[in-house]
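Please read the structure below before turning to the comments.
Lettering follows sequence order; numbering is per chain, from 1.
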There are 2 protein chains.
Amino acid sequence: MQEKSGNIMDFSTNLKEVWRMLNEEERELLRANAAIQHYKKNQQIYAEGDEPTHLMCLLKGKVKIYKEGVGGRSQIIRMIKPIQYFAYRAYFAREHYLTDAAAFEASTVCLIPMKTVRQIMKNNYNICKFFIRQLSIDLGIADERTVNLTQKHIRGRLAESLAFLIDSYGLEEDATINIYLSREDLANLSNMTTSNAIRTLANFVNDKVIALDGRKIKVIDEERLRKISKLG
Amino acid sequence: MQEKSGNIMDFSTNLKEVWRMLNEEERELLRANAAIQHYKKNQQIYAEGDEPTHLMCLLKGKVKIYKEGVGGRSQIIRMIKPIQYFAYRAYFAREHYLTDAAAFEASTVCLIPMKTVRQIMKNNYNICKFFIRQLSIDLGIADERTVNLTQKHIRGRLAESLAFLIDSYGLEEDATINIYLSREDLANLSNMTTSNAIRTLANFVNDKVIALDGRKIKVIDEERLRKISKLG
DNA sequence: ATAGAATCATGTTTTAAAGCACAAAAGTAC
DNA sequence: GTACTTTTGTGCTTTAAAACATGATTCTAT
């Protein structure tokens, strides 16, 4: 089947992990209620304070979840890659969104009304388990992140972000990290100012850990990078 | 009924929130499998790397969940108060513990084998919802915390910790915060060194926001404290 | 093609917080 | 009670990272 977004068929072919857990009746419920939405590069998907109404599944593109902190500084909390669910935490906590979400690049999202999700969860223990597991994993990551962002030094924090990007989006054949971020986004991911992100990247180039070509980051010495990340 | 820990009756009277969601059969299953455990002040409850086997519910006392970071610095991730469940994240994520837990003061914990918990969850949607909600709330707190600990200045971070302690453990009639922490623990909660915790506390006393008597912290101007916390 | 904006880069200055040193005080053990 | 350890309190020094300033480069829109 051709990749052609906007077509509801993407949805049923792409949501595989969850899809497998559903019976025909539940699948029909989803087909009837899910909607596909496209977002342009840098377009906001939801904002802090909004009421959560839909479960979202990223089908294509890259999304960042971030928070605007004190004094305009923003902090990227997590990044979403295709076939990953997001935007459900606030609903389950019975809160409004605490974070903002925006598309890094042109992205396609499948929106499922939370009402539908609940209807399915009620009778499907596997779906409940799925959310419990995802939330548990994310909470673990958040706890790790808290310590890493507060205790590691600049080099360690940047190295950690790069390692995270490698793990999330992978490397191309020539060892280029498969996502192109501005220096500012890289800084917001690593809890530092843009100048320090630039400076520290330059250091890494000097140390022959990476090579740069605009926003392309080529990983030269991954082992070393992970060591810097680990030792802080 | 007398408060008398070690007696299985505490358990059934205290776990009320969850207890209400169970039918008689499920209650019997819990009664048969739950165990009560006592921990002394500063005693470790679980350690990073341990395999999670039991759901824990704090019946009495105060517990800290923390992580040992780089260079011996430890960071308190969250604090548990009585009738709060903990220690389940790692199991649900199918990981070993990422954190350590220790009793702040003499504490009583009810241990329920995870196997039993799963057995109940399987047929009880309300229990699933309970965990989903708790995890979602905790994840929201963790996200907030990441930004607060990284972006706020020392005064803001300490004020935030004090506000958090007020919210968690309450104030006595004379406005004393109902938990006594060492300066070091306060520092670990606020992501700063012990000297800075001491210094900043002294500043707050000077500003007539709090008054100190050993480890007793009396809140003089709560509004001001929350303002400092908010503005960073 | 050209103007204007955004991004990237680098040097310099400032500052918030850590690190260190050393007492005083409070707990704890014998 | 006395010795020992831990915790608390303060002053001084150092340092990592932010803030600021200024160009160069790249992107974007008309």
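- Nearest to the side chain of B/Arg73, among C/dA18, D/dG9, C/dT10, sits C/dA18.
- Heavy atoms of B/Ile154 sit under 4.0 angstrom from primed sugar atoms or phosphate atoms, though from no base atom.
- Atom P of nucleotide D/dT8 and atom CD1 of B/Ile217 are separated by 10 Å, given to the nearest angstrom.
- Between D/dG9, D/dA16, C/dG11, one nucleotide has an atom nearer to the side chain of A/His153 than all others, and that is D/dA16.
- Salt-bridge annotation for A/Arg226 and A/Asp167: present, with a side-chain N of the basic residue lying under 4.0 Å from a carboxylate O of the acidic one.
- For the pair B/Asn188 CG and C/dA17 C1', the computed distance is 16 Å after rounding to whole Å.
- The distance from atom CG of B/Leu149 to atom P of C/dA17 is 13 Å, rounded to the nearest whole Å.
- Salt-bridge check for A/Lys208 with A/Asp221: failed, with every basic side-chain N at 4.0 Å or more from each acidic carboxylate O.
- Atoms CG (B/Asn191) and P (C/dA16) sit 17 Å apart, rounded to a whole Å.
- Checking the phosphate oxygens (OP1, OP2) of C/dA18, a side-chain nitrogen or oxygen of B/Thr193 falls inside 4.0 Å.
- Candidate nucleotides D/dC12, D/dA17, C/dT10 were compared by shortest atom distance to the side chain of B/Arg199, and D/dC12 ranks first.
- The side-chain hydrogen bond (donor to acceptor under 3.5 Å, both in side chains) search around A/Arg155 returns A/Asp207, not counting sequence neighbours.
- Distance from the side chain of B/Asn196 is smallest to C/dA17 among D/dT7, C/dC20, C/dA17.
- A/Arg215 comes within 4.0 angstrom of sugar-phosphate atoms only, judged by non-hydrogen atoms across all strands, and of no base.
- Annotation: cation-pi pair A/Lys64/A/Phe104 present, NZ/CZ under 6.0 Å from the ring centroid and within 45° of its normal.
- A straight line from CG of A/Asn203 to P of D/dA17 spans 11 Å, rounded to a whole angstrom.
- Between A/Phe92 and A/Phe131, the two ring planes are perpendicular [angle over 60°; tilted spans 30° to 60°].
- Phosphate proximity of C/dA9 to A/Arg183: present, with a side-chain N or O under 4.0 Å from OP1 or OP2.
- Checking each of A/Leu186, A/Ile154, A/Ile198 against A/Met192 for a side chain to side chain contact (heavy atoms under 4.5 Å, CB included) leaves exactly one that passes, namely A/Ile154.
- Taking a cutoff of 4.0 Å between a charged side-chain nitrogen and a carboxylate oxygen, A/Lys67 and B/Glu144 qualify as a salt bridge.
- Nearest-nucleotide positions on DNA chain C place A/Ser182 closer to the 5' end than the other of B/Ser195 and A/Ser182.
- The interatomic distance linking A/Leu181 (CG) with C/dC8 (C1') rounds to 15 Å, in whole Å.
- Atom pair A/Asn206:CG and C/dA9:P shows a separation of 13 Å (rounding to whole Å applied).
- In this structure, the NZ atom of B/Lys41 is 10 Å from the P atom of D/dT7, given to the nearest Å.
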Legend entry - 5'-to-3' dot-bracket of DNA chain D (Watson-Crick, G-U; under 3.5 angstrom; crossing pairs as [ ]; | other strand): ||||||||||||||||||||||||||||||
